[in-house]
Amino acid sequence: MKPRVLVSREVFDETLEMLAEHFEVESNQADLKHTPEQLAAALADKDGALVSTSDRIDGALLDRCPRLKVVANVGVGYNNLDLPALTAHGVMATNTPDVLTNSVADYTFGLIIATCRRLTEGEHFLRAGEWKGSHLKQMLGVDVHGATLGILGFGRIGQTVARRASGFDMKILYHNRTRLKPAEEAQLGAHYRGKHDLLREADIVVLLTPYSAESHHTIGAAEIALMKPSAVLINVARGGIVDDAALIEALKAKRILAAGLDVYENEPALNPGFLPLKNVVLSPHLASASEPTRKAMAATAARNCIAALTGGEPPNLLNPEVQRKR
Ligand code: 8YV
């Protein structure tokens, strides 16, 4: 009998075709989000799963899935996966790094430019019929070229953003748990700063750290207070890294110039305090959403699942210490 695999959210037909060559596949092309109870029930008789970054996989669920051998995240962030619980239950966990790096870096620059140059505010103004012609001091923004960019979280995506920044003649600062080697910093033209110094010095702060209990509310009222009044905050990492309520208060009081957000605490339930604000660009978690990249993410997750269930080594195994179930 073929192993049984759940695909928890809608994917591309080609992804289902890849999986169907090896497995009995239960798909969800209607893209209905499972409740935790529904997800546990759907996984109870499965050997593997492709899950989205909004599907929580924890010990309570794994207790109910005795056959489960692999959970393949369709995404690079994996804070939805309780890795110690997966390892304790003998379940491999994988993610999809690298394939989305360039698309997220592209989108990050799109969000930087839209926020600094008030692009979406201008569109809302025009669509509302308020534009009566251009004038010299209309919707003045701040320049991106030549600005000081501060990147919090300097992994693959952060370093790719830095490469794009050099094309804008930007001064590049970064903060990371692990400092790069001098040669790596030189190659990227990036200068290491402590978190607080980066917040004080940067014109544009970009958040690209993974989300965890340790990085929860990395940016709160105190950190925003360190930033320049002319500074812009960009979050393309995870909701929860920013204290959204504190950010709303700071934007309302114009303690910083603006924010560009692709992720939110408790998304998709957006804090309503953002909605009336003109100095925030709101994007619905689209940073990796180019068609080629989302297809590559789904294919990568499928390859991880196939390798795991056919006796191979998943290319993107997050818990190599796992004692694999037989
Ligand atoms: C999500 C992301 O995967 O890769 C990640 O960590 O945040 C996104 O690319 C996206 O929500 C796809 O559903």
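We count residues from 1, following the sequence as given. These values consider heavy atoms only, across backbone and side chains, with no hydrogens, waters or symmetry-generated copies. Please read all numbers here as calculations on a predicted model, not as lab measurements.
- Both L207 and L226 are members of a single hydrophobic cluster when ILVMFWY side chains are connected at heavy-atom separations under 4.5 Å.
- In this structure, V206 is a member of the same hydrophobic cluster as L180, with clusters built from ILVMFWY side-chain heavy atoms closer than 4.5 Å.
- Contact of the I256 side chain with the P229 side chain is not registered, since no non-hydrogen atoms from C-beta on lie closer than 4.5 Å.
- Taking each heavy atom of P284 and D262 in turn, the nearest pair found is C-OD1, 3.8 Å.
- T120 contributes atom OG1, which lies 11.5 Å from atom CZ of R127 (distance to the nearest 0.5 angstrom).
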Stepwise side-chain hydrogen bond (donor to acceptor under 3.5 Å, both in side chains) test for N316 and T94
CA-CA 5 Å; N316 311 106; T94 68; over 6 Å; no
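- Between the CG atom of L6 and the CG atom of L39 there is a distance of 7.0 Å, given to the nearest 0.5 Å.
- Between the side chain of T96 and the backbone N or O of G75, at least one donor-acceptor pair lies under 3.5 Å.
- I112 is listed as a side-chain neighbour of L149, based on a closest heavy-atom distance under 4.5 Å.
- Taking CG of N176 as the reference point, atom CD1 of I151 lies at 10.0 Å (rounded to 0.5 Å).
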Begin from the C-alpha positions of L208 and V236 and carry the test side chain to side chain contact (heavy atoms under 4.5 Å, CB included) through to its verdict.
CA-CA 6 Å; L208 277 163; V236 288; 3.5 Å; yes
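- Two residues are said to be in side-chain contact when any heavy atoms from C-beta on lie closer than 4.5 Å; N304 and V70 fail this criterion.
- Remark: side-chain polar atoms of D203 are not paired, donor with acceptor, to backbone N or O of A231 under 3.5 angstrom.
- The salt bridge (Lys or Arg N to Asp or Glu O under 4.0 Å) test with D47 singles out one residue from R324, K69, R4, K2, and that residue is K69.
- E201 contributes no side-chain N or O that, together with a main-chain N or O of L198, makes up a donor-acceptor pair within less than 3.5 Å.
- Counting heavy atoms from C-beta outward, T148 and L173 have side chains that approach closer than 4.5 Å.
- Hydrophobic clustering, with ILVMFWY side chains joined whenever heavy atoms are under 4.5 angstrom apart, groups I157 together with Y192.
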List the steps and the verdict of side chain to side chain contact (heavy atoms under 4.5 Å, CB included) for M297 and V76.
CA-CA 9 Å; M297 289 164 63; V76 66; over 6 Å; no
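- At least one side-chain heavy atom of M18 sits under 4.5 Å from a side-chain heavy atom of R303.
- A221 and A246 get closest at one heavy-atom pair: N-CB, 3.7 Å.
- Between R238 and E267 there is no salt bridge, since none of the side-chain N atoms of the basic residue sits less than 4.0 Å from a carboxylate O of the acidic one.
- A salt bridge links D98 and R156; the closest N-O separation between the charged side-chain nitrogens and carboxylate oxygens is under 4.0 Å.
- Going from atom CD of E223 over to atom CG of L247 covers 12.0 Å, rounded to the nearest 0.5 Å.
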Please test D243 against H216 for side-chain hydrogen bond (donor to acceptor under 3.5 Å, both in side chains), starting from the C-alpha separation and ending with a verdict.
CA-CA 8 Å; D243 177 343; H216 183 75; over 6 Å; no
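- The backbone N or O of T218 lies less than 3.5 Å from a partner atom in the side chain of K195, making a donor-acceptor pair.
- With hydrogens and angles ignored, the 3.5 Å screen pairs a side-chain donor or acceptor of N80 with a backbone N or O of S52.
- With hydrogens and angles left out, the side-chain atoms of Y107 and S283 include a donor and acceptor closer than 3.5 Å.
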Apply side chain to side chain contact (heavy atoms under 4.5 Å, CB included) to residues E249 and I224 and explain how you reach the verdict.
CA-CA 10 Å; E249 288 314 305; I224 295 169; over 6 Å; no
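- Rounding to the nearest 0.5 Å gives a distance of 11.0 Å between CG of D55 and CD of Q38.
- Residues T35 and E37 bring no donor and acceptor atom of their side chains to less than 3.5 Å of each other.
- The number of heavy-atom neighbours closer than 6.0 Å to CD of Q323, taken from other residues, nucleotides and ligands shown, is 12 or below.
- Side-chain contact between N319 and V91: absent, with no pair of heavy atoms (C-beta onward) separated by less than 4.5 Å.
- Side chain of S166 to backbone of R163: a donor-acceptor contact under 3.5 angstrom is found.
- The minimum heavy-atom distance linking D45 with A42 is given by the pair OD1-O, 3.5 Å.
- The shortest non-hydrogen separation linking A301 to V74 is CB-CG2, 3.8 Å.
- Ion pairing between E185 and K181 fails under the 4.0 Å rule for side-chain N and carboxylate O.
- When hydrophobic clusters are built by joining Ile, Leu, Val, Met, Phe, Trp and Tyr residues whose side-chain heavy atoms come closer than 4.5 Å, directly or via intermediates, V263 is not grouped with I241.
- Side chains of H175 and D197: no donor on one and acceptor on the other come within 3.5 Å.
- Using modelled atom types, no side-chain atom of K33 and backbone atom of S8 make a donor-acceptor pair closer than 3.5 Å.
- Across every non-hydrogen atom of R9 and S54, the tightest pair is NH1-OG, 3.6 Å.
- Side-chain contact between V205 and L199 is present, with at least one heavy-atom pair separated by less than 4.5 Å.
- Side-chain atoms of N95 do not come within 3.5 Å of backbone N or O of Y78 as any donor-acceptor pair.
- Both V242 and L251 sit in one connected hydrophobic cluster of ILVMFWY residues. Membership requires side-chain heavy atoms under 4.5 Å apart, directly or through other members.
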Report the C-alpha distance between D106 and R164 in whole Å, list the side-chain angles of each, state the deciding distance to 0.1 Å, and finish with yes or no for salt bridge (charged side-chain N to carboxylate O under 4.0 Å, His left out).
CA-CA 8 Å; D106 291 349; R164 284 162 174 63; 2.8 Å; yes
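- Here the side chain of D244 pairs a donor or acceptor atom with the backbone of E265 at under 3.5 angstrom.
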Intermediate values then yes/no, side chain to side chain contact (heavy atoms under 4.5 Å, CB included), L62 and L43:
CA-CA 9 Å; L62 294 167; L43 284 172; over 6 Å; no
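- Side chain of E123 to backbone of R118: no donor-acceptor contact under 3.5 angstrom is found.
- The line from CG of L318 to CG of L81 is 7.0 Å long, rounded to the nearest 0.5 Å.
- Closest approach of D31 and E10 over heavy atoms only: OD1-N, 2.8 Å.
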Run the side-chain hydrogen bond (donor to acceptor under 3.5 Å, both in side chains) check on H191 and Y174 step by step: do they pass?
CA-CA 6 Å; H191 307 274; Y174 80 97; over 6 Å; no
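- Annotation: side chain of I219 is in contact with side chain of L152 (closest heavy-atom distance under 4.5 Å).
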